[in-house]
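Single-structure report; data block below.
Heavy atoms only: backbone and side chains are in, while hydrogens, waters and symmetry mates are out.
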Amino acid sequence: MNLFESVAKIKDVATHALHAITTEEATKTALILPMLSALGYDIFNPYELIPEMDCDLSRGGDKVDYAISINGSIRIIIE
């Protein structure tokens, strides 16, 4: 499946199942992870896609939903 087909499928889910996507976790599962996968990220590789990454260096505890690491360096943060 190419990028355009993948995005069309995600759009269909967003359009037709919107009433069922009522939580943050449902949004991540139904929309965010499929989009990241369509963009070529390995969503099952914890070295590439880091869920719930700690981002507060001063006191700890604050987390972002996902961080994407490219060649061992955090490049994208998704909240």
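- Other residues, nucleotides and ligands contribute more than 12 heavy atoms inside 6.0 Å of the NZ atom of Lys63.
- To the nearest 0.5 Å, the span separating CD1 on Ile50 from CD1 on Ile77 amounts to 9.5 Å.
- Smallest separation of non-hydrogen atoms from Ala20 and Ala26: O-CB, 4.4 Å.
- Note: Asp62 CG to Asp54 CG = 7.5 Å, rounded to the nearest 0.5 Å.
- Listed here is the closest heavy atom pair of Ile21 and Ala30: CD1-CB, 3.8 Å.
- Nearest heavy-atom pair, Leu39 versus Leu3, reported as atom, atom and distance to 0.1 Å: CD2-CD1, 4.0 Å.
- Grouping the Ile, Leu, Val, Met, Phe, Trp and Tyr side chains by contacts below 4.5 angstrom, directly or via other members, places Val13 with Leu33.
- For Ile32, the side-chain contact (heavy atoms from CB on, under 4.5 Å) test picks out Thr27, Leu36, Tyr66, with sequence neighbours left out.
- Residues Tyr47 and Tyr41 do not share a hydrophobic cluster, clusters being chains of Ile/Leu/Val/Met/Phe/Trp/Tyr side chains in contact below 4.5 Å.
- Atom-to-atom distance recorded for Ile76:CD1 and Ser69:OG is 10.0 Å, nearest 0.5 angstrom.
- The minimum heavy-atom distance linking Asp65 with Glu79 is given by the pair N-OE1, 3.0 Å.
- A distance of 11.0 Å separates CE of Met53 from CD1 of Ile78, quoted to the nearest 0.5 Å.
- The CG atom of Asp42 sits 8.5 Å away from the CG atom of Leu49 when rounded to the nearest 0.5 Å.
- In this structure, Glu24 has no side-chain hydrogen bond (donor to acceptor under 3.5 Å, both in side chains) partners at least two apart in sequence or on a different chain.
- Contact detail for Thr29 and Pro34: the closest heavy-atom pair is O-CD, 3.3 Å.
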